[in-house]
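Owing to the predicted nature of the structure, the values given are computational and were not obtained by experimental measurement. Letters go in sequence order (proteins before strands), and every chain restarts at 1.
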Protein chains: 2
Amino acid sequence: MYSIGEISAMFNMPISTLRYYDKKGLFLNIERNSSGIRRFGQKEIETLNVIECLKKAGMSLDDIKLFMDWCQQGDKTLAQRKEMFYQRKKEVEVQLQELQKVADFINYKCWYYDTACNEKTENRVKNIKANDMPDNIRILYENTH
Amino acid sequence: MYSIGEISAMFNMPISTLRYYDKKGLFLNIERNSSGIRRFGQKEIETLNVIECLKKAGMSLDDIKLFMDWCQQGDKTLAQRKEMFYQRKKEVEVQLQELQKVADFINYKCWYYDTACNEKTENRVKNIKANDMPDNIRILYENTH
DNA sequence: TTATATGCTAAACCTGACTTTAGGTCAAGC
DNA sequence: GCTTGACCTAAAGTCAGGTTTAGCATATAA
């Protein structure tokens with residue numbers, strides 16, 4: 001069992017954030033000692049891992065709370081939880097595609113500024129048409145324009 | 001040349017957001033007609049593409065504004081702009097790795113809930129150890145736990 | 001000529017996710 | 001017995017990124 005300070009250090013996350021999550025009900029009835037101090041165990045650690053992941057996957061704390069409540073309700077919510085993860089899966093796949101496109105755009109811009117910096121001006125590179133770009137750059141350019 | 005309403009439709013973005021961006025100074029001295037109405041041209045369309053991309057790459061509007069200002073200052077800021085894109089490139093690569101990890105976690109959870117739903121309870125799957133998972137799932141699990 | 005659509009501004013408001021503040025409890029060490 | 005450090009709560013404050021409101025101008029169609 002860990003104190004809030006230990007968990008804060010473990011997850012490199014402010015104590016205030018942990019209390020905020022608890023207030024939102026994200027830790028399902030977390031244990032407290034006789035003087036009201038929170039005791040974090042494996043369950044809470046797993047919850048924090050799930051929170052971090054679902055947040056990165058683009059979910060709001062309210063949606064995550066909904067999921068935590070389903071977990072507490074037991075097997076009768078299995079279908080909903082499954083459905084939720086399949087929905088997330090679809091959205092993360094879209095996010096991955098978009099981020100790959102962003103990467104292509106950035107890589108094109110890196111080439112653009114490499115060229116401009118070498119020539120000390122962007123006057124020439126600014127007007128290069130797709131056909132006159134190196135093949136690998138043209139692909140990036142066409143993916144993103 | 002396009003009106004704000006046309007651009008709003010074209011980018012599927014509220015008019016209020018376009019005005020908000022303009023107020024922040026993201027469109028470098030955009031043209032207006034004699035009665036003060038904004039006229040959007042190719043330059044502004046390109047600016048919007050850049051904004052969308054840099055936002056997805058995790059930049060704040062203030063940072064994007066900084067970049068726009070550098071653009072206006074001409075060739076003497078080429079090195080800074082290049083540096084900025086190389087920095088972005090690094091960060092987008094990290095984002096891609098993290099998002100791939102999120103995808104692995106979600107895929108593991110999909111398998112978990114598939115199994116639980118088939119068995120109508122999560123009692124068994126909850127206790128499966130990594131060694132007893134199918135190989136492809138174990139890899140996802142170990143990547144993310 | 002009046003209704004409708006589209007545009008304008010400044011300023012107030014909103015939301016999610018925290019963070020800070022103010023004031024209090026409690027156990028351990030000096 | 002008092003100070004220190006770690007914990008507690010409720011409530012207010014913050015910040016980015018918008019959105020809404022109120023009041024007004026302009027242009028075109030009926």
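Contacts between residues 35-67 of chain A and DNA chain C, defined by a heavy-atom separation under 4.0 Å, are made by A:Ser35, A:Lys55, A:Ser60, A:Leu61. For DNA chain D, the neighbouring residues in residues 20-29 of chain B, judged by any heavy atom under 4.0 Å, are B:Tyr20, B:Tyr21. Taking a 4.0 Å limit (strictly below) on heavy-atom distances, residues 8-19 of chain A reaches DNA chain D at A:Ile15, A:Arg19.
Using modelled atom types and a 3.5 Å distance limit, the side chains of B:Gln97 and B:Glu93 yield no donor-acceptor pair. Checked by atom type, the side-chain pair A:Tyr108/A:Asn136 shows no donor-acceptor distance below 3.5 Å. When only modelled atom types and interatomic distance are considered, B:Lys101 and B:Asn143 share no side-chain donor-acceptor pair under 3.5 Å. Of the N and O atoms on the side chains of A:Tyr112 and A:Glu122, at least one donor lies less than 3.5 Å from an acceptor on the other residue.
B:Tyr2 places its OH atom 19 Å from the C1' atom of C:dT6, with the value rounded to the nearest Å. At whole-Å resolution of the value, CD in A:Glu6 and P in D:dG5 are 18 Å apart. A straight line from CD1 of B:Ile4 to P of D:dT19 spans 12 Å, rounded to a whole angstrom.
Salt bridge status for B:Lys109 with B:Asp114: absent, with no side-chain N to carboxylate O gap under 4.0 Å. Ion pairing of B:Arg88 with B:Glu91 is present here, as a side-chain N (NZ or NE/NH1/NH2) and a carboxylate O approach within less than 4.0 Å.
Applying the side-chain hydrogen bond (donor to acceptor under 3.5 Å, both in side chains) rule to B:Asn123 yields the partners B:Thr121; only residues at least two apart in sequence or on another chain are considered. In this structure, the side-chain contact (heavy atoms from CB on, under 4.5 Å) partners of A:Ala130, at least two apart in sequence or on a different chain, are A:Arg138, A:Tyr141, A:Glu142. Legend: residues meeting side-chain hydrogen bond (donor to acceptor under 3.5 Å, both in side chains) with B:Ser34, ordered by chain and number and at least two apart, are absent.
The phosphate of C:dT25 (OP1 or OP2) has no side-chain N or O of A:Arg32 nearer than 4.0 angstrom.
Ring geometry, A:Phe67 versus A:Phe85: the interplanar angle exceeds 60°, so the pair is classed perpendicular (tilted spans 30 to 60°).
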